[in-house]
Amino acid sequence: MFNKNTLNLAIVDDHPMILEGLKSLLLQENKFQIFSFTKGAAIVDFIQENRVDIVLLDIILSDGSGLDFCKIIKQSSPHTIVLGISNQAERSMIFRFLENGGNGYILKNADSEEILACIGKALQGDLALSKEVQQIMLRPTKNTVEIPRLTKREKQILQAIANGHTSVVIAENLFISIITVETHRRNLLKKFQAKNMIELVKIAIENKLI
């Protein structure tokens, strides 16, 4: 059923035109085997028995929220890349999706080149956000946070975290131990008074630190 040389990509959207449009775009790449679903529960069941490398997941589905399905997919199959693809442009919605394990977020008004670029970025292990999503995340909020002074190493690690890199990858790239990376992570959370890494990145982006 599966070709080892292709990536298994699932599209989850309950709008047939969106499904067919994305499928048509991705089939041109000749590197994806495409599976399409109209319900979140269907991809959850499918992923239990099959390897899925990438999921393009709508946020509003007829049988539930893509936010919840993203969390379920990542718990069931942590290696699977999950990208939100939606008309929902609220900042809180985007951050909730990322907090639930999402690897990126694309608005449906993105053109074909941008969609493919985001998929490519996610495959490289980076956080994949379409241009408009990046602009939404950069908008200032009413909540102001006193920005702490960061060392050169802390800035390097903060940027790596924003790029979606794991502690293992950061340690390898910076030639330091994983324990040192984890210590820096904890110190950054404390300095920024952030609850988690997503909030940390959010504060850093809003204050143009990365």
**Study point:** Pairwise distance CZ(Arg185) to CD1(Ile161) - rounded to 0.5 angstrom
**Key:** 4.5 Å

Check your understanding: In terms of hydrophobic clusters joined by side-chain contacts under 4.5 Å, are Ile210 and Leu138 together?
Key -> yes

**Study point:** Residue pair Ser36 / Leu19: nearest heavy atoms and the distance that separates them
**Key:** CB-CD2, 3.7 Å

Check your understanding: Which word best sums up how the rings of Phe97 and Tyr105 line up, parallel for under 30°, tilted for 30 to 60°, or perpendicular for over 60°?
Key -> perpendicular

**Study point:** Euclidean distance, Leu67 CG relative to Met93 CE, rounded to 0.5 Å
**Key:** 5.5 Å

**Study point:** NZ (Lys108) with more than 12 external heavy atoms under 6.0 Å
**Key:** yes

Review point. So, does Gln88 use its side chain to make a donor-acceptor pair with the main chain of Ile60 at under 3.5 Å?
Key: no

Review point. CG of Leu9 to CD1 of Ile34: how many Å apart, nearest 0.5 Å?
Key: 4.5 Å

Exercise for review: Report the C-alpha separation of Thr151 and Gln156 in whole Å, then their side-chain angles, then the decisive distance to 0.1 Å, and conclude whether the side chain to side chain contact (heavy atoms under 4.5 Å, CB included) test is met.
Suggested key: CA-CA 9 Å; Thr151 65; Gln156 290 174 326; over 6 Å; no

Check your understanding: Side-chain contact, heavy-atom cut-off 4.5 Å: Leu57 with Phe69?
Key -> yes

Point to revise | Gap between atom NZ of Lys121 and atom CG of Asp126 - 0.5 Å precision | key: 6.0 Å

Check your understanding: For the atom pair CD1 (Ile119) and CG (Asn103), what is the distance rounded to the nearest 0.5 Å?
Key -> 12.0 Å

Check your understanding: Considering only heavy atoms from C-beta outward, does the side chain of Phe192 approach that of Leu209 to under 4.5 Å?
Key -> yes

**Study point:** Leu150 vs Leu188 side-chain heavy atoms within contact, under 4.5 Å
**Key:** yes

Practice item. Write down the atom of Thr6, the atom of Arg51, and the distance for their closest heavy-atom approach. Key: O-NH2, 3.5 Å

Check your understanding: Does Thr80 use its side chain to pair, donor to acceptor, with the backbone of Val52 at less than 3.5 Å?
Key -> yes

Review point. What are the two closest non-hydrogen atoms of Gly101 and Lys74, and how far apart are they?
Key: O-CE, 3.2 Å

Practice item. State, with a plain yes or no, whether a side-chain heavy atom of Val168 is found less than 4.5 Å away from one of Ile178. Key: yes

Check your understanding: Could you go step by step and tell me if Thr180 and Leu174 meet the side chain to side chain contact (heavy atoms under 4.5 Å, CB included) rule?
Key -> CA-CA 10 Å; Thr180 301; Leu174 297 180; over 6 Å; no

**Study point:** Side-chain heavy-atom pair His15, Asp58 within 4.5 angstrom cut-off
**Key:** yes

Review point. For the hydrophobic clusters of this structure (ILVMFWY residues joined by side-chain heavy atoms under 4.5 Å, transitively), does one cluster hold both Val169 and Ile176?
Key: no

Exercise for review: Grab the two heavy atoms, one from Ala162 and one from Val201, that are nearest each other, plus how far apart they are.
Suggested key: CA-CG2, 3.9 Å

Review point. Does the side chain to side chain contact (heavy atoms under 4.5 Å, CB included) test come out yes or no for Glu114 and Asp111, once each step is laid out?
Key: CA-CA 5 Å; Glu114 190 171 10; Asp111 60 30; 3.3 Å; yes

Review point. Any donor-acceptor pair under 3.5 Å linking the side chain of Lys131 with the backbone of Ala110?
Key: no

Review point. Is the backbone of Leu107 close enough, under 3.5 Å, to the side chain of Ser130 for a donor and an acceptor to pair up by distance?
Key: yes

Review point. Do other residues, nucleotides or ligands put more than 12 heavy atoms under 6.0 Å from Gln48 CD?
Key: yes

Exercise for review: Examine distances only and state if a side-chain atom of Asp14 and a backbone atom of Ser62 form a donor-acceptor pair shorter than 3.5 Å.
Suggested key: yes

Practice item. Mind listing the closest non-hydrogen atom pair of Asn100 and Cys70 along with its distance? Key: O-SG, 3.7 Å

Review point. Is the closest side-chain heavy-atom distance between Asn8 and Asn50 below 4.5 Å?
Key: no

Check your understanding: Do His165 and Asn163 have side-chain atoms, one donor and one acceptor, less than 3.5 Å apart?
Key -> no

Check your understanding: Taking the side chain from Gln134 and the backbone from Leu129, do they hold a donor-acceptor pair closer than 3.5 Å?
Key -> yes

Check your understanding: Do the charged groups of Glu20 and Lys23 touch, with an N to O distance under 4.0 Å?
Key -> yes

**Study point:** pair Arg186-Lys190: side-chain heavy atoms closer than 4.5 Å
**Key:** no

Review point. Judged by atom type as modelled, is there a donor-acceptor pair below 3.5 Å linking the side chain of Thr183 to the main-chain atoms of Ile179?
Key: yes

Check your understanding: Under 3.5 Å, is there a donor-acceptor pair between the Asn187 and Glu154 side chains?
Key -> no

Review point. Within a strict 4.5 Å, meaning less than it, do heavy atoms of the Leu7 and Leu123 side chains meet?
Key: yes

Exercise for review: Look up atom CG in Leu25 and atom CD in Glu29, then write down how far apart they are to the nearest 0.5 Å.
Suggested key: 7.0 Å

Exercise for review: Of all the heavy-atom pairs spanning Gly40 and Asp63, show the shortest one and how long it is.
Suggested key: N-OD1, 3.0 Å

